[in-house]
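Report on one structure; see the data block that follows.
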Amino acid sequence: MSLKEKLLSSFIVFENQAEVDSYVNEVRNEAIKTFEEKGFPTKKDEAWKYTSLNKILKEDYSVFPKQENALEYKDVKKYFIHDIDTYKIVFIDGKYSSHLSETTHDGIDVCLMSAALTKPKYRLVIENYFNKASNKDSLSSLNTAFSKEGAYIHIPKGKVVEKPIQIIHFSTGDESSTMLQPRNLIVVEENSHVQIIERHQSLTSNPVLTNSVTEVFAKKRAIIDYYKIQNDTQASSLIDNTFIKQKQESFVSVHTFSFGGKLTRNNLNFYQEGERIDSTLKGVTIIGDKQHVDHNTLVHHIEPNCESHQDYKGIFADSSTGVFNGKVVVEKEAQKTNAFQANNNILISDKAAINTKPQLEIFADDVKCSHGCTIGQLDESALFYMRSRGIPEKEAKALLMYAFSNNVLSSVKIPEIKERITKIIAKQLGVNIGFDL
Amino acid sequence: MSKYTEDDLREELKTKEYEYGFYTDIESETFPNGLNEDIVKAISKKKEEPEWMTEWRLEAFRIWKDMEEPEWANVNYEKPDFQGISYYSAPNSKPKYDSIDEVDPELLATFDKLGISLDEQKKLAGVAMDVVVDSVSVATTFKETLAEQGIIFMSISEAIKEHPELVKKYIGTVVPQKDNFYAALNSAVFSDGSFCYIPKGVRCPMELSTYFRINQAGTGQFERTLVIADEGSYVSYLEGCTAPSRDENQLHAAVVELIALDDSEIKYSTVQNWFPGNAEGKGGVFNFVTKRGLCETNAKISWTQVETGSAVTWKYPSCVLKGNNSVGEFYSIAVTNNYQQADTGTKMIHLGKNTKSTIISKGISAGKSQNSYRGLVQINSRAENARNFSQCDSLLMGNECGAHTFPYIEAKNQTAQIEHEATTSKIGEDQIFYCNQRGIDTEKAIALIVNGFSKEVLNKLPMEFAVEAQKLLEISLEGSVG
């Protein structure tokens with residue numbers, strides 16, 4: 001039985017178990033139909049030209065989360081940004097772990113999707129926002145159909161959330177491969193500010209496939225900083241679908257750090273529905289082995305006077321492959337748009353490959369749009385300079401590569417994350433030096 | 001046809017200024033509409049082709065039958081009815097031109113402005129003309145001069161008869177029959193085209209040139225061009241295109257194959273100003289062209305194109321950089337106005353070591369047109385030290401047009417060095433104001449700025465082409481500024 005068939009039959013069971021909420025159930029039923037029609041994307045789809053899911057879909061995944069597996073905090077502490085105080089929403093095999101979490105309803109809602117989907121007091125928010133940003137492609141629809149659990153964050157007007165929120169998904173699937181489909185909803189009302197850190201971590205060597213959907217709504221003048229840390233085991237794959245709708249004068253930035261995982265696909269979509277919006281998409285990818293990281297971004301400029309900045313850096317070793325597929329659409333009305341897109345890559349192995357496709361689709365004339373993309377090597381003369389001053393080759397190379405990705409790191413607003421990423425980069429490059437010289 | 005002398009040609013060329021937009025009343029022999037194996041055989045027979053050529057065409061036809069029209073391009077158009085087209089038309093007699101009154105005055109005015117008679121051009125640069133009226137080559141000049149050097153420059157149907165060994169060896173090697181839908185169609189039914197062979201170590205003394213015209217109403221034009229530069233040779237080849245005004249959409253599916261053997265260089269320049277349809281987007285030529293060049297060791301192929309015409313353009317002159325140290329270049333200006341759609345760009349396939357490619361693409365969209373750049377830069381795993389530089393600039397005029405960029409960059413070698421850069425902008429108000437202040441009216445000012453914007457590419461054209469191209473740019477953008 002193929003995964004698609006399995007998912008379709010599982011949906012019937014899932015639907016029977018689901019609580020009777022007409023709105024959400026309607027959306028789910030609609031979504032499973034879309035998935036049934038479209039199926040999993042193949043390389044024939046233009047958006048999946050360079051990324052094949054075939055191998056990953058062959059695994060026999062268990063679709064439903066099993067009983068809660070308890071984890072001790074001390075065992076998983078290292079996966080948290082633990083040196084600062086944060087709210088935490090932690091899931092183990094798709095089930096909420098109250099033990100590891102720290103949620104709140106005090107002025108803001110940092111809690112669970114399952115609660116939001118069932119409790120009447122959230123009903124209005126769900127009807128207004130649930131599945132309103134997500135597009136109708138097959139993988140997002142699949143997630144929608146099985147949407148049940150995930151993080152629910154609602155920040156009311158004029159609130160600056162004083163500590164960051166961490167969303168962590170652990171998978172422990174000891175006996176079999178697991179497929180997880182977390183669903184997050186984040187609504188940030190006018191003039192509010194929130195920082196979010198998201199991480200998916202597998203604790204087993206069994207294959208894990210995560211198909212996650214996150215919907216983010218930023219209202220007028222809201223500020224959201226979103227950090228995605230992707231440093232999972234080599235057996236896990238992640239398809240991350242993030243949809244962000246911004247209203248006027250809001251600032252949203254998403255930083256994606258991809259170091260781990262077998263296959264990582266980031267579908268990051270920004271829709272600018274107001275004037276003077278600023279969107280930032282940045283990412284660092286450093287991978288090796290047979291890893292594959294695919295960044296698929298879309299920035300849709302709908303209204304005038306908006307800006308977007310994209311900056312993706314990639315370093316590819318061994319037989320790894322990188323894909324960057326960035327698209328900027330500027331509608332006719334979106335005059336005075338300022339869109340910038342850069343993608344720089346370094347290949348450090350003969351077997352590594354990079355496919356990049358930065359696209360511009362522009363329908364307005366008074367705009368400034370540019371994209372740049374490079375594939376190159378480390379500067380020989382810079383390397384020579386450092387080596388002639390006694391810095392070993394490996395370290396010198398690492399320093400240059402760190403400098404190469406520093407553009408992205410410099411806009412990270414939480415110093416602890418920066419520190420953590422710096423450490424991961426050092427490890428990834430196989431050196432033991434602190435970079436903040 | 002043998003009676004047709006150079007003097008006759010000169011006579012003909014004098015009347016050239018109104019020839020462009022003109023339905024020449026030539027008594028043509030036209031095949032019935034539709035396409036099947038019999039038609040393919042009939043075309044081949046008509047052209048007295050050898051057996052292997054007929055077989056080659058049939059093979060292409062069989063491939064084509066099973067193919068589907070591509071839809072990935074960023075263009076919208078009504079699909080041509082491939083069974084509603086006549087696949088062969090050849091003039092029976094020498095072209096005779098009727099009175100100038102028959103010509104669409106609007107078109108005439110345009111060509112007046114272009115102001116370049118072919119005659120003048122010929123004198124200016126010693127251009128040899130292989131004038132193609134519809135599908136059969138009518139006149140070939142300077143053949144003797146070229147023959148002295150051993151250069152073969154003739155229509156491809158003649159070449160099939162006279163130099164079968166060369167044609168057989170190279171045809172379809174760069175663009176195979178099964179390459180794509182239109183290439184397959186062309187391979188099956190190509191009516192004529194040019195053939196050029198430059199022997200070892202010869203530097204072709206003049207710019208070779210052909211002019212294509214789509215003439216007979218409702219005739220598809222399927223040109224096939226094959227240029228072979230033998231070791232150490234050099235050739236500069238010009239292709240210019242004009243077509244008369246027609247309401248019905250006309251199909252043009254040409255195939256151009258360039259073969260640059262070791263140490264040779266081919267420079268291929270195109271100016272294309274086929275009928276783009278009227279201001280309402282009615283009519284115009286469909287231009288679906290496959291152009292590709294193969295570079296052996298140390299060879300260089302340079303494509304330069306100025307695309308101002310056609311209702312729909314679908315064209316990607318490409319270079320396969322097979323040999324070590326080979327160089328590919330692509331310089332393009334694509335101008336779209338009114339309802340024109342262009343999806344054009346290039347492919348640079350790096351296979352050999354130390355290969356270099358440069359892509360400079362300038363897109364200018366006005367009116368309600370859509371202009372796309374689509375390009376592929378592929379560095380294969382054995383292409384050590386490959387180098388690519390791409391630059392795509394788009395200029396938008398008015399807010400009803402679109403400019404799109406779809407670059408594909410695939411690198412499989414760590415020593416590759418690739419830079420890609422694209423910008424989209426409009427003409428600055430301050431620039432126009434500056435010109436206005438100095439007494440240059442807005443339209444002239446825009447022409448000036450557009451020329452500056454396109455300079456990098458215009459500079460690559462042979463001189464007499466550059467003059468024509470510059471004027472063409474002005475004409476194409478006329479009235480696009482309110």
Side-chain angles (χ1 to χ4, degrees), chain A residues 44 46 49-50 304 314-319 321-379, chain B residues 71-72 74 363 365-366 368-429 480-481:
Chain A
K44 281 186 186 151
E46 183 66 20
K49 187 173 152 76
Y50 297 116
I315 298 172
F316 304 92
D318 305 330
S319 303
T321 41
V323 181
F324 176 77
N325 191 349
K327 192 170 181 180
V328 175
V329 182
V330 180
E331 291 291 340
K332 205 156 102 181
E333 291 75 24
Q335 296 291 3
K336 309 255 181 233
T337 291
N338 197 345
F340 174 76
Q341 189 186 52
N343 174 235
N344 309 103
N345 302 288
I346 294 181
L347 294 177
I348 51 176
S349 144
D350 265 345
K351 284 176 193 144
I354 167 84
N355 299 308
T356 153
K357 198 178 135 199
Q359 304 175 54
L360 296 173
E361 283 197 50
I362 295 161
F363 296 93
D365 61 338
D366 192 5
V367 297
K368 269 211 299 227
C369 295
S370 61
H371 69 194
C373 147
T374 60
I375 299 171
Q377 293 80 43
L378 298 174
D379 182 354
Chain B
E71 281 180 4
W72 45 262
N74 190 23
S365 5
K368 294 189 167 100
S369 66
Q370 300 295 331
N371 200 332
S372 310
Y373 166 82
R374 186 186 303 276
L376 169 72
V377 175
Q378 194 180 62
I379 313 285
N380 278 56
S381 53
R382 262 175 282 168
E384 299 280 329
N385 298 319
R387 182 84 178 81
N388 163 265
F389 174 79
S390 312
Q391 189 187 337
C392 312
D393 296 326
S394 306
L395 200 60
L396 288 158
M397 296 184 182
N399 57 358
E400 286 180 284
C401 52
H404 316 283
T405 323
F406 307 97
Y408 292 69
I409 297 151
E410 303 176 10
K412 291 201 175 71
N413 189 297
Q414 58 163 333
T415 56
Q417 215 171 328
I418 302 172
E419 290 160 68
H420 174 93
E421 198 176 26
T423 60
T424 304
S425 56
K426 71 166 199 167
I427 295 178
E429 273 158 36
S480 62
V481 189

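Residue numbering restarts at 1 for every chain, and letters A, B, ... go by the order of the sequence lines.
- In terms of heavy-atom pairs under 4.5 angstrom with chain A, the leader among B:Glu421, B:Glu400, B:Lys412, B:Gln414 is B:Gln414.
- The minimum heavy-atom distance linking A:Ala317 with A:Ser349 is given by the pair C-CB, 3.8 Å.
- In this structure the side chain of B:Phe406 reaches within 4.5 angstrom of the side chain of A:Glu361, judged on heavy atoms.
- Ranking A:Lys368, A:Glu46, A:His371 against chain B, the residue ahead of the rest is A:His371, based on heavy-atom pairs under 4.5 Å.
- Counting heavy atoms from C-beta outward, A:Ile375 and A:Thr356 have side chains that approach closer than 4.5 Å.
- Contact check for A:Gln377 versus B:Gln417: side-chain heavy atoms found under the 4.5 Å cut-off.
- A:Tyr50 touches chain B through its side chain: at least one heavy atom from C-beta onward sits under 4.5 Å away, while N, CA, C and O do not.
- The structure places CG of A:Asp365 at 12.5 Å from OG of B:Ser394, a figure rounded to the nearest 0.5 Å.
- Atom CD1 in A:Ile346 sits 5.0 Å away from atom CD1 in A:Ile315 (nearest 0.5 Å).
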_side-chain contact (heavy atoms from CB on, under 4.5 Å) evaluation trace for A:Asn345 with A:Thr374_ = CA-CA 6 Å; A:Asn345 302 288; A:Thr374 60; over 6 Å; no
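- When all heavy atoms are compared, the tightest approach of B:His420 to B:Cys392 is CE1-SG, 3.8 Å.
- Using a 4.5 Å cut-off between non-hydrogen atoms, the part of residues 368-385 of chain B that approaches chain A consists of B:Gln370, B:Glu384.
- Between B:Tyr408 and A:Gln359 there is no side-chain heavy-atom pair separated by less than 4.5 Å.
- Contacts with chain A were tallied for B:Ser365, B:Gly402, B:Ala416, B:Ser425; B:Ala416 has the most, counting heavy-atom pairs under 4.5 Å.
- Here B:Thr405 is the residue among B:Asn388, B:Leu395, B:Asp393, B:Thr405 with the most heavy-atom pairs under 4.5 Å with chain A.
- Residues A:Cys373 and B:Pro407 have side chains not in contact (no heavy-atom distance under 4.5 Å, counting atoms from C-beta outward).
- Remark: A:Lys357 does not engage B:Glu410 in a salt bridge, criterion side-chain N to carboxylate O under 4.0 Å.
- For the atom pair OG of B:Ser390 and CD1 of B:Ile409, the computed distance is 6.0 Å after rounding to the nearest 0.5 Å.
- Using a 4.5 Å cut-off between heavy atoms, A:Lys49 contacts chain B through its side chain alone, with no backbone atom that close.
- With chain B as the partner, the residue from A:Val367, A:Asp366, A:Asn355, A:Leu360 showing the most heavy-atom pairs under 4.5 Å is A:Leu360.
- Among residues 322-344 of chain A, the residues having any heavy atom closer than 4.5 Å to a heavy atom of chain B are, in sequence order, A:Lys332, A:Gln335.
- Here the closest heavy-atom approach between residue B:Thr423 and residue A:Ser370 is recorded as CG2-CB, 4.0 Å.
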